[in-house]
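Take a look at the structure set out below.
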Amino acid sequence: MDKEKLKAYGVDYENAVKVLQNADQNDESIKNALLEARINYGQYCYDEGMNDQAIETLKAVINEAPDRIEAYSMLITVYVDAGKVKEAE
């Protein structure tokens, strides 16, 4: 993916997150949508080889919502792929 597309994606992601953060945070569907967006962003970062950003994003999701198993699974994948097997344990 070229730099312009990456930049555009980052702006779109940031704007989407701002909209969701400004929405009614007591609405469970908004909370879930925001978490899902962040997990998807972690996957995107991993797919694009931005492992440090993926790790940071996924760890933040896990800290906020420790019940999101898919975030743990993806984080383990990123750690292993990045050669950080000890962190994956």
Worksheet item: Between atom CG of Leu35 and atom CD1 of Ile62, what is the distance when rounded to the nearest 0.5 Å?
Response: 11.0 Å

Discussion item. Please report the interatomic distance CE(Met74) to OH(Tyr79), rounded to the nearest 0.5 Å.
Written reply: 14.0 Å

Worksheet item: Among all residues two or more places apart in sequence or in another chain, which pass the salt bridge (Lys or Arg N to Asp or Glu O under 4.0 Å) test with Glu64?
Response: Arg38

Practice prompt. Output yes when a side-chain donor or acceptor of Tyr72 lies under 3.5 Å from a complementary backbone atom of Pro66, and no otherwise.
Written response: yes

Discussion item. I need the minimum non-hydrogen distance between Gly42 and Ala54, along with the two atoms involved.
Written reply: O-CB, 3.4 Å

Worksheet entry | Side-chain heavy atoms of Tyr44 within contact of Met50, under 4.5 Å | yes

Fill in: Pairs where residues 69-87 contributes a residue and the test salt bridge (charged side-chain N to carboxylate O under 4.0 Å, His left out) is met, not counting sequence neighbours
Asp52-Lys84, Arg68-Glu70

Practice prompt. Following the transitive rule for hydrophobic clusters with a side-chain heavy-atom cut-off under 4.5 Å over Ile, Leu, Val, Met, Phe, Trp and Tyr, establish whether Ile76 and Val78 coincide in one cluster.
Written response: no

Practice prompt. Could you grab the distance from atom OH of Tyr46 to atom CD of Gln53, nearest 0.5 Å is fine?
Written response: 16.0 Å

Discussion item. Can you tell me how far apart CD1 (Ile39) and CG (Leu75) are? Round to the nearest 0.5 Å.
Written reply: 11.0 Å

Worksheet item: In Å and rounded to the nearest 0.5 Å, what is the OG1 to CG distance from Thr57 to Asn40?
Response: 11.5 Å

Practice prompt. Tell me, please, which residues at least two apart from Asp47 pass side-chain hydrogen bond (donor to acceptor under 3.5 Å, both in side chains).
Written response: Gln43

